[in-house]
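When a ligand or atom number is given, it counts from 1 through the structure's own listing order. This structure is a prediction, so every number in the text was calculated from the model and none was measured.
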Amino acid sequence: MNQFCTKRLAAVIPAAGIGSRMQAERPKQYLQLHGRSILEHSAAAVRQLQPDLPLVIALAADDPYFAATALAADPNVQPVLGGRERADSVLAALQALDASQVDWVLVHDAARPLLQGTDLQRLLTQCQQAGCGGILASPVRDTMKRGGPRIEHTVERSRLWHALTPQLFPLLPLRQALQDALSQGATITDEASAMEWAGQPVLLVEGRSDNIKITQPEDLALAAFYLEKQG
Ligand SMILES: Nc1ccn([C@@H]2O[C@H](COP(=O)(O)OP(=O)(O)OP(=O)(O)O)[C@@H](O)[C@H]2O)c(=O)n1
Ligand SMILES: C[C@](O)(CO)[C@H](O)COP(=O)(O)O
């Protein structure tokens with residue numbers, strides 16, 4: 001384990017979404033895979049290196065499912081009320097963290113259960129070496145087009161990445177950047193975009209392309225297959 005594993009680390013899990021694109025009978029983070037909710041898989045994934053890692057989980061106001069998960073009884077888990085957008089939920093969770101106890105924070109989507117420990121370790125190690133925050137990301141492998149319904153142009157894909165999670169940042173700069181960016185109406189879809197908006201450096205750390213965000217119905221079978229493979 002490296003310095004981060006002891007250096008007052010915590011994790012935030014935004015889990016207040018409704019999963020509209022999944023078109024399921026419940027929010028996708030509560031769909032079951034191999035006997036556990038996707039949220040519980042994602043929480044366990046971000047805790048692979050530190051099983052008692054403090055977690056703050058942002059939940060929807062009317063969430064009736066969380067209480068039935070093992071996380072509800074976990075003394076190192078704090079549920080908070082999420083917000084209208086993912087960024088609002090993340091900010092609410094960050095505001096629940098005590099900066100006198102936590103220096104760095106991992107933000108990991110509740111819908112990414114396939115995070116592997118090797119990727120998590122690489123993110124921690126490379127950010128520690130670089131002395132700045134960073135994100136797991138996977139290089140784009142397909143030719144990328146912009147347009148619809150006809151192609152307008154092909155997007156140059158060299159140095160183009162899919163942003164993944166976890167995203168790792170110092171707590172106070174991230175909380176401030178997110179608060180300022182949102183208050184000034186910036187479009188923030190991940191923590192890195194808030195830090196970029198604030199002019200802070202963000203490291204790209206290559207991660208596995210199977211660290212998928214479960215979003216659409218076809219992602220479920222793929223996630224089940226990958227979980228089976230992970231054993
Ligand atoms: N107001 C919101 C919206 C999203 N999320 C969380 O952010 C993560 C990634 O967002 P996304 O995949 O877009 O989830 P949903 O918003 O639920 O999906 P959809 O856009 O299909 O409704 C998910 O874990 C989701 O629960 C959140 O905490 N608060
Ligand atoms: C944070 C994220 O997972 C990075 O790819 C992604 O932006 C979250 O999904 P959303 O649909 O943008 O909320």
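- Ion pairing of Asp63 with Arg26 is absent here, as no side-chain N (NZ or NE/NH1/NH2) approaches a carboxylate O to less than 4.0 Å.
- Protein heavy atom in closest approach to atom 4 (C) of ligand 2: Ala163 O, 3.4 Å.
- The single protein non-hydrogen atom nearest to atom 10 (O) of ligand 1 is Arg86 CD, 4.2 Å, given as residue, atom name and distance.
- In this structure, Arg175 does not pair ionically with Glu191, as no charged nitrogen and carboxylate oxygen lie closer than 4.0 Å.
- Of the N or O atoms in Ala15, one or more lie within a sub-3.5 Å distance of an N or O in ligand 1.
- Under 4.0 angstrom from ligand 2, the non-hydrogen atoms of Arg112 all belong to its side chain.
- In this structure, Lys28 is part of the shell of residues with a heavy atom less than 4.0 angstrom from ligand 1.
- If you check which protein heavy atom lies closest to atom 8 (C) of ligand 1, you get Asp109 OD1, 3.6 Å.
- Between atom 1 (N) of ligand 1 and the options Pro14, Ala111, Gly83, the minimum heavy-atom separation is to Gly83.
- In terms of protein heavy-atom proximity, atom 29 (N) of ligand 1 is nearest to Ser89 OG, 2.8 Å.
- The nearest heavy-atom contact from the protein to atom 5 (N) of ligand 1 is Gly17 N, 3.5 Å.
- Contacts between Glu85 and ligand 1 below 4.0 angstrom, taking non-hydrogen atoms only, involve the backbone exclusively.
- Within the 4.0 Å heavy-atom shell around ligand 1 one does not find Gly82.
- Neither the backbone nor the side chain of Glu191 has a heavy atom within less than 4.0 Å of ligand 2.
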Run Asp190 and Ser193 through side-chain hydrogen bond (donor to acceptor under 3.5 Å, both in side chains) and show every step you take.
CA-CA 6 Å; Asp190 69 344; Ser193 44; 2.7 Å; yes
